[in-house]
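Comments concern the structure below.
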Amino acid sequence: MQSVEQQSIMLSGNFDFLARSFAQMCVHGRQFDIDTITGNMDSDSRVWFVKRYHFYLSYLANQH
């Protein structure tokens with residue numbers, strides 16, 4: 001059985017992967033509503049996800 005801390009690390013890793021994936025899609029012209037994507041997240045998760053999304057979006061935009 002995993003501890004709560006281990007589960008949180010795995011969850012944030014999954015969220016990071018998703019934030020990066022959505023940023024990549026956005027850079028390649030795919031449109032979506034970030035509020036819809038984060039709509040069911042709790043407040044802390046939403047803030048963290050949006051920060052990571054914007055980090056990757058900025059990073060990827062500067063790569064092109």
Using the ring of each side chain (for Trp, its six-membered ring), is Y53 parallel, tilted or perpendicular to F32, with breaks at 30° and 60°?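 Perpendicular.
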Check whether any side-chain heavy atom of F15 sits under 4.5 Å from a side-chain heavy atom of M41, and report yes or no.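 Result yes, sub-4.5 Å side-chain heavy-atom pair found.
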Please tell me if the side chains of W48 and D16 come closer than 4.5 Å, counting only heavy atoms from C-beta onward.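 Side chain of W48 against side chain of D16, heavy atoms only: contact under 4.5 Å found.
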What's the spacing between M25 CE and L60 CG if we round to 0.5 Å?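 If we round to the nearest 0.5 Å, M25:CE and L60:CG are 11.5 Å apart.
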Euclidean distance, Q63 CD relative to S58 OG, rounded to 0.5 Å: 9.5 Å
Show me the donor-acceptor pairs within less than 3.5 Å that the side chains of residues 33-40 make with the rest of the protein, sequence neighbours left out.
unit_1	atom_1	unit_2	atom_2	d
D33	OD1	D35	N	3.2
D33	OD2	T36	OG1	2.9
T38	OG1	I34	O	2.9

If hydrophobic clusters are built from ILVMFWY residues whose side chains come within less than 4.5 Å, do L18 and Y59 share one? yes
Can you list the residues that meet the ring-ring contact (aromatic ring centres under 6.0 Å, His included) rule with F49, with sequence neighbours excluded? none
